[in-house]
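Quick caveat, the model's predicted, so the values are computed rather than measured.
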Amino acid sequence: MEKHSSVSLRLPPPDEGPGPGVELLAESRRARASAELASARMRSLQSLTLALSGALTSEDVARAVVVEAVRTLEAQTGGLYLLEARGSTLELVHTVRCPPAIEAAFTHVPLGANVPVAEAVRTRAPLWLSDFATLAERFPIAAVPARPEHGDLSIACLPLVARDRTVGCLAFIWGRAHDFDEEERAFIDMLAQQATMALERARLLAAERSQVERVGLLQHATAMLATSLDLGHTLRGVALGLVPTLGDFCIIDVMGPDHEVRRTFHAATPECAGLLAASHWRPPERPGTPICALASGQPVFAPQVDAAWVESTACGPETLALLRTLAPTSWLSVPLDTPEGVLGALTLGHCLSGRHHTAEDLELAMELARRASAAVQNAHLFHQTQQALQLRDEFLAIASHELNTPLTALKLQLSRLRRMSSDGEVRARTTSAVQQVDRLGRLVRELLEVAHLSEGRLHLTPEPVDLVDVCREVLTRFTEEKERAGATIFLRADGAVSGRWDASRVDGMVTHLLSNALKYGLGRPVEVEVTCIPGDLARLVVRDRGIGIPAEQLAHLFQRFGRAVPLRHYGGFGLGLWFSRQVVEAHGGHIHLESSPGLGTTVTVELPRTPETT
């Protein structure tokens with residue numbers, strides 16, 4: 001007969017207390033939970049690090065930190081505040097599941113306010129509030145909008161400090177009361193450190209991008225200012241380049257030579273542009289109204305503008321209406337200053353974007369103003385020069401016409417006296433006087449040509465012309481000049497060189513070239529050569545062996561009144577080569593000069609035989 005044995009497990013009765021095994025099991029569960037929590041937090045930090053690696057702006061950083069922290073901490077609400085540029089206000093950049101009442105009350109928090117986030121930033125120390133009672137006791141103002149409908153709450157606020165500079169604050173709210181153990185505090189502190197480093201990196205990146213943008217803007221404006229002396233076009237281009245980088249609208253007021261202020265503007269919206277189009281600069285009706293730097297010559301810098309600023313600074317009903325409609329949030333105006341006085345002002349404003357100017361914006365605007373001042377001065381000088389040239393040309397035209405009349409009468413009287421006199425000496429003297437009158441007449445005609453060419457009135461009348469015949473005709477008029485210079489002129493031509501040119505203009509061009517050759521030829525032979533060359537061109541070469549011209553003087557010889565020798569040694573207006581070039585180029589030809597000191601000068605003219613001119 002088999003024997004069976006049995007083993008029974010004796011359990012403690014229910015009413016007995018926990019033994020060592022239960023405590024061990026609970027401890028094991030707590031350790032496992034703690035390990036899982038630590039692992040979850042580590043994964044959260046890794047996930048946050050990955051997210052922050054792609055965060056390029058402060059907004060990106062705030063979004064990544066708050067979302068990940070709220071999820072890991074199982075918080076009811078989370079938010080990240082940044083300290084604005086002036087360091088007086090905390091601005092809520094991003095929040096998760098924030099009740100509307102709390103968000104409305106704490107979007108902009110003055111640094112001096114008696115609220116948790118401001119306290120944490122002021123003291124640069126974490127703030128741990130374990131229940132609502134503690135919040136209500138320490139921060140009664142903040143407790144009113146934060147009061148929970150039921151249950152309790154707890155709050156953690158951690159300042160974000162980078163290199164002894166507070167940049168903002170992290171804030172979390174839980175819908176329950178709880179104490180923050182050491183590990184939780186350490187983890188939240190690590191989140192704050194991660195956020196601080198990412199924000200600092202984003203700030204540096206933004207500063208670098210801003211610097212590149214500012215350099216590009218300055219280069220663009222400088223190039224625009226140096227491109228043209230058309231002041232209106234130039235300033236419009238500058239204003240266009242400054243919006244929207246430095247403002248939602250840009251106004252450039254410039255005082256002209258007539259002391260009238262002309263306004264150039266550009267705006268980001270048609271509404272702003274319409275308002276500015278109907279406006280113009282007015283002097284302030286009372287002293288000390290900081291709106292436009294043109295009045296005071298001093299920079300106006302108002303980074304924070306509100307309705308009170310508008311009401312207190314606007315001068316006159318029109319300016320007040322303009323400012324009220326623009327509703328600027330920031331205002332900046334710098335003078336276009338010169339040693340002679342203020343020429344204008346560059347004014348920039350933010351309105352619809354809600355942005356605010358910084359000290360860097362002021363510095364950039366002042367640099368732009370300095371460069372714009374130089375451009376305005378150059379434009380004014382150019383305008384004055386053009387006016388002076390116009391007055392000079394008008395005077396030359398009037399003087400030439402007025403001088404021709406008495407010269408013609410004088411020549412007729414001298415010619416009549418020469419014919420009527422039988423005295424040889426009288427006839428010789430009157431002949432010499434007639435020659436001087438003719439010379440004076442040529443100078444007057446040169447002045448008249450200058451006036452006509454300056455006004456763009458060089459009209460050609462092409463007709464069949466033999467260039468060789470023109471040269472022979474001119475040579476017959478240089479008999480006295482050749483004798484006086486003691487020089488000989490040689491004309492070389494194999495035959496007729498015909499073309500369609502303006503005979504009188506070509507005659508004048510040849511006359512000027514021969515006159516220069518004799519004047520500067522030191523009495524040595526002058527050669528004139530006329531040939532046909534390939535390309536259906538006629539070539540005229542006038543060569544002397546006189547004083548020559550230094551290389552550094554060649555560049556300006558074809559300019560009006562260009563000279564390479566002192567006026568007291570050689571007469572004339574310095575118009576011969578300039579006039580010759582005008583005639584040659586009007587016919588579609590080319591004129592070239594080669595010279596060396598002591599070896600003489602060679603002028604080569606090439607004219608199309610059938611120029612496309614009218």
Side-chain angles (χ1 to χ4, degrees), residues 435 438-439 441-446 448-450 452-453 457-485 487-521 524-546 557-558 572 575-595 600-614:
Q435 291 173 346
D438 287 338
R439 181 169 179 268
R442 286 198 300 272
L443 294 177
V444 170
R445 285 193 295 275
E446 284 187 10
L448 187 59
E449 289 293 351
V450 171
H452 288 171
L453 289 174
R457 288 160 48 192
L458 181 61
H459 302 297
L460 302 181
T461 306
E463 58 181 317
V465 175
D466 181 359
L467 186 56
V468 177
D469 285 346
V470 171
C471 291
R472 289 195 183 104
E473 173 65 24
V474 172
L475 287 177
T476 62
R477 300 198 298 267
F478 273 84
T479 302
E480 182 182 357
E481 284 82 350
K482 287 191 297 182
E483 293 176 356
R484 187 165 54 248
T488 304
I489 302 177
F490 297 97
L491 173 62
R492 294 189 176 88
D494 295 334
V497 178
S498 301
R500 287 187 58 80
W501 304 301
D502 187 310
S504 63
R505 301 296 186 186
V506 172
D507 181 286
M509 178 263 295
V510 175
T511 299
H512 282 300
L513 296 182
L514 278 176
S515 176
N516 283 345
L518 289 173
K519 184 186 299 184
Y520 305 115
R524 297 167 184 168
V526 175
E527 299 176 7
V528 180
E529 183 179 356
V530 184
T531 58
C532 292
I533 61 175
D536 197 27
L537 298 173
R539 174 180 286 169
L540 167 68
V541 179
V542 179
R543 182 182 297 110
D544 69 68
R545 296 176 177 81
L557 281 180
F558 286 101
L575 294 170
L577 288 176
W578 175 75
F579 173 79
S580 300
R581 186 182 71 172
Q582 304 302 314
V583 171
V584 171
E585 291 181 351
H587 283 88
H590 176 71
I591 184 169
H592 178 65
L593 183 148
E594 295 179 351
S595 184
T601 301
T602 299
V603 180
T604 302
V605 174
E606 294 180 356
L607 293 173
R609 299 177 66 183
T610 54
E612 297 181 359
T613 57
T614 58

A.B. asks: Surrounding CG of Asp536 (heavy atoms of other residues, nucleotides or ligands, distance under 6.0 Å), is the total greater than 12?
C.D. replies: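 More than 12 heavy atoms, drawn from other residues, nucleotides or ligands, come within 6.0 Å of this atom.
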A.B. asks: Determine the minimum heavy-atom distance between Trp501 and Arg609, stating which atoms define it.
C.D. replies: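 It is CZ2-CA, 3.9 Å.
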A.B. asks: Please check this pair: side chain of Asp502 against backbone of Thr461, looking for a donor-acceptor N/O pair closer than 3.5 Å.
C.D. replies: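 Yes.
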A.B. asks: Kindly give the heavy-atom pair with the smallest separation between Pro608 and Gly588, and that separation in Å.
C.D. replies: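 In this case the closest contact between Pro608 and Gly588 is CG-O, 3.4 Å.
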A.B. asks: Show your reasoning for whether side-chain contact (heavy atoms from CB on, under 4.5 Å) applies to Ile489 and Leu518.
C.D. replies: CA-CA 9 Å; Ile489 302 177; Leu518 289 173; 4.0 Å; yes
A.B. asks: Do Ser498 and Leu467 have side-chain heavy atoms sitting under 4.5 Å apart?
C.D. replies: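 Side chain of Ser498 against side chain of Leu467, heavy atoms only: no contact under 4.5 Å found.
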A.B. asks: Any heavy-atom pair between the side chains of Thr604 and Val542 that's under 4.5 Å?
C.D. replies: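 Side chain of Val542 against side chain of Thr604, heavy atoms only: no contact under 4.5 Å found.
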A.B. asks: Counting N and O atoms only, with roles assigned by atom type, does the side chain of Asp544 sit under 3.5 Å from a partner on the main chain of Thr601, one being a donor and the other an acceptor?
C.D. replies: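 Between the backbone of Thr601 and the side chain of Asp544 there is a qualifying donor-acceptor contact (under 3.5 Å).
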A.B. asks: Could you give the distance from OG (Ser515) to CZ (Arg477), rounded to the nearest 0.5 Å?
C.D. replies: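 One gets 11.0 Å once the value is rounded to the nearest 0.5 Å.
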A.B. asks: Report the distance from atom CZ of Arg524 to atom CZ of Arg543, rounding to the nearest 0.5 Å.
C.D. replies: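 Here the rounded value is 15.0 Å.
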A.B. asks: Would you check if Arg472 and Val468 make a side-chain contact, meaning some heavy-atom pair closer than 4.5 Å?
C.D. replies: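 Arg472 reaches Val468 side chain to side chain.
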A.B. asks: Checking side chain to side chain contact (heavy atoms under 4.5 Å, CB included) between Leu540 and each of Val506, Val497, Val510, which is the one that passes?
C.D. replies: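 Of Val506, Val497, Val510, side chain to side chain contact (heavy atoms under 4.5 Å, CB included) with Leu540 is met by Val510 alone.
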A.B. asks: Are Pro464 and Arg500 close enough that some pair of their side-chain heavy atoms sits under 4.5 Å apart?
C.D. replies: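 With C-beta onward as the side chain, the pair touches.
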A.B. asks: If every non-hydrogen atom of Val584 is compared with every non-hydrogen atom of Glu606, which pair is closest and at what distance?
C.D. replies: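 Where Val584 meets Glu606 most closely, the heavy atoms are CG1-O, 4.3 Å.
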A.B. asks: Could you tell me whether Arg545 and Glu527 have a side-chain N and a carboxylate O separated by less than 4.0 Å?
C.D. replies: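 Yes, charged N to carboxylate O under 4.0 Å.
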A.B. asks: Under the side-chain contact (heavy atoms from CB on, under 4.5 Å) rule, what do Phe579 and Arg505 come out as? Steps first, then yes or no, please.
C.D. replies: CA-CA 9 Å; Phe579 173 79; Arg505 301 296 186 186; 4.3 Å; yes
A.B. asks: So how far is it from His512 NE2 to Arg581 CZ, rounded to the nearest 0.5 Å?
C.D. replies: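 Answer for the NE2-CZ pair, His512 versus Arg581, is 14.0 Å.
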A.B. asks: Could you measure the distance from the OG1 atom of Thr602 to the CG atom of Leu593? Nearest 0.5 Å is fine.
C.D. replies: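 Reported value, rounded in 0.5 Å steps: 8.0 Å.
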A.B. asks: I would like to know whether Val530 and Val541 meet side-chain contact (heavy atoms from CB on, under 4.5 Å); could you show each step before the answer?
C.D. replies: CA-CA 7 Å; Val530 184; Val541 179; over 6 Å; no
A.B. asks: Can you tell me how far OG1 of Thr531 sits from CZ of Arg492, rounded to the nearest 0.5 angstrom?
C.D. replies: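 It is 12.0 Å, given to the nearest 0.5 Å.
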A.B. asks: Please examine the side chains of Val605 and Ser580, heavy atoms only from C-beta on, and report whether any two atoms are closer than 4.5 Å.
C.D. replies: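 Heavy-atom side-chain distance check fails, nothing below 4.5 Å.
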A.B. asks: With rounding to the nearest 0.5 angstrom, report the CG to CE distance, Leu577 to Met509.
C.D. replies: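 Between Leu577 CG and Met509 CE, I get 11.5 Å after rounding to 0.5 Å.
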A.B. asks: side-chain contact (heavy atoms from CB on, under 4.5 Å) for Phe478 and Thr511? Distances and angles first, verdict last.
C.D. replies: CA-CA 9 Å; Phe478 273 84; Thr511 299; 3.9 Å; yes
